[in-house]
Each structure stands twice: as C-alpha cells, then as structure tokens.
A.B. asks: 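This is the structure I have questions about; it appears just below.
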Amino acid sequence: MADNARAKRLADLIREVVAQKLQRGIKDPRLGSHVTITDTRVTGDLREATVFYTVYGDEEERKAAAAGLESAKGILRSEVGRAAGVKFTPTLTFVADALPDTARTIEDLLDKARQSDQKVRDAATGASYAGGADPYRKPADDTDTDGDAAE
C-alpha cells in the first residue's frame, strides 16, 4: 500500500494530464471547452482513480460529455501511464461532480432566507413594543394598588 503523499501526488498528476489532454489532444466534439476537471482521487493501492468533472451546459451536454469521456478513457489512461511512470497505471472512472448543483441549492436557500429576513424587517418597521419598551420590573413597581409593599 502506498503512502497518502504518493497517492496525492499521483492524483494531482492525473488531474493535470487529463485536463491538458482534454483541452489539446482529444478531438471529440462532445468534449469541447465546456468540460472542467475539478478533482481526482486515487485509492491507497494506486490501482483506481476517480476523476470528478463538471460540464458547463444543459442536461443534454452533460450526457454527451459523459459519453465522450467514457469513449476517451483508454487514450486518457495511456497518457496518464506515460506521464506517471508507475508500475501499474490506475484505471480511470469519471464521475460528474455534484458541487455546482449543491452550490446552486445552497444559493437558493440563502436567497429564501434573505427574503424571509427582509419580510421580518419590513414587519418590524414602525412597530411598537407590546408591553412597553422595558419589560422588566423595577423596585418601584413592587407595590400593590393599595400602597402596601408586595411580599
């Protein structure tokens, strides 16, 4: 089993090699300039690599890019093996990164929270306190209505 530093270095190398090859070496029109490699993870034994990618576009372009990456997997693995110089070139698995969808969901939730906060601020504007500005009792308030001190 390899150490974590070696796996990290190999993952970084795989990410760079795959990104450069997609940008310059693959002529597949499905893999145009709208595919971005976001992260790469390598197992501890350096046998399998998971490459995370995002696609700028609609659902149809995402499916086309996934098919293009699957068809270019052999070429990309050859390039990784040539650049890495390891005994066994890891198999590549391409996974669509959920980060943009998660970020979009978080942004939507934050917008809803901002709108809700604005509604509360609007409702509070010009409002007055229900029981007065200071809701706490003071020592002078401890007397009954007939003048006797409260016990």
A.B. asks: Atom CD of Glu48 and atom CZ of Arg41: how far apart are they, to the nearest 0.5 Å?
C.D. replies: 14.5 Å

A.B. asks: Any chain of hydrophobic side-chain contacts (each under 4.5 Å) joining Ile37 to Val95?
C.D. replies: no

A.B. asks: Which distance, rounded to the nearest 0.5 Å, do you find between the OG1 of Thr36 and the OH of Tyr53?
C.D. replies: 12.0 Å

A.B. asks: Taking the basic N atoms (NZ, or NE/NH1/NH2) and the acidic carboxylate oxygens, is any pair closer than 4.0 Å for Lys63 and Glu60?
C.D. replies: no

A.B. asks: Evaluate Leu69 against Leu22 for side chain to side chain contact (heavy atoms under 4.5 Å, CB included), listing each step before the verdict.
C.D. replies: CA-CA 9 Å; Leu69 286 170; Leu22 286 176; 3.8 Å; yes

A.B. asks: Do Asp111 and Gln115 have a side chain donor and acceptor closer than 3.5 Å?
C.D. replies: no

A.B. asks: At their closest point, which heavy atom of Ile14 faces which heavy atom of Ala49, and how far apart are they?
C.D. replies: CD1-CB, 3.8 Å

A.B. asks: To the nearest 0.5 Å, tell me how far Arg47 CZ sits from Thr89 OG1.
C.D. replies: 10.0 Å

A.B. asks: Determine whether a donor-acceptor pair (N or O, by modelled atom type, separation under 3.5 Å) exists between the side chain of Ser78 and the backbone of Gly74.
C.D. replies: yes

A.B. asks: Answer yes or no: is there a side-chain heavy-atom contact under 4.5 Å between Leu46 and Val86?
C.D. replies: no

A.B. asks: Any idea which heavy atoms bring Arg15 and Thr38 closest together, and the distance?
C.D. replies: CD-O, 4.1 Å

A.B. asks: What's the separation between atom OG1 in Thr50 and atom CZ in Phe94, rounded to the nearest 0.5 Å?
C.D. replies: 10.5 Å

A.B. asks: Do the side chains of Asp12 and Arg9 get close enough for a salt bridge, i.e. N-O under 4.0 angstrom?
C.D. replies: no

A.B. asks: Quick check: closest heavy atoms across Glu61 and Tyr56, and the distance to 0.1 Å?
C.D. replies: OE1-O, 3.3 Å

A.B. asks: With Arg24, which residues qualify under side chain to side chain contact (heavy atoms under 4.5 Å, CB included), at least two apart?
C.D. replies: Gln20

A.B. asks: If you round to the nearest 0.5 Å, how far is CD of Glu70 from OG1 of Thr93?
C.D. replies: 8.0 Å

A.B. asks: How long is the span from the NZ atom in Lys8 to the CG atom in Leu13, to the nearest 0.5 Å?
C.D. replies: 12.0 Å

A.B. asks: Please confirm whether the backbone N or O of Asp97 pairs with a side-chain atom of Thr54, one donor and one acceptor, at under 3.5 Å?
C.D. replies: no

A.B. asks: Quick check: closest heavy atoms across Ala65 and Val35, and the distance to 0.1 Å?
C.D. replies: CB-CG2, 3.9 Å

A.B. asks: Is it true that atom CD of Gln118 has more than 12 heavy atoms of other residues, nucleotides or ligands lying nearer than 6.0 Å?
C.D. replies: yes

A.B. asks: Which atom pair, heavy atoms only, marks the closest approach of Pro90 to Arg77?
C.D. replies: O-NE, 3.1 Å

A.B. asks: Mind checking what makes side chain to side chain contact (heavy atoms under 4.5 Å, CB included) contact with Glu107, not counting sequence neighbours?
C.D. replies: Leu110

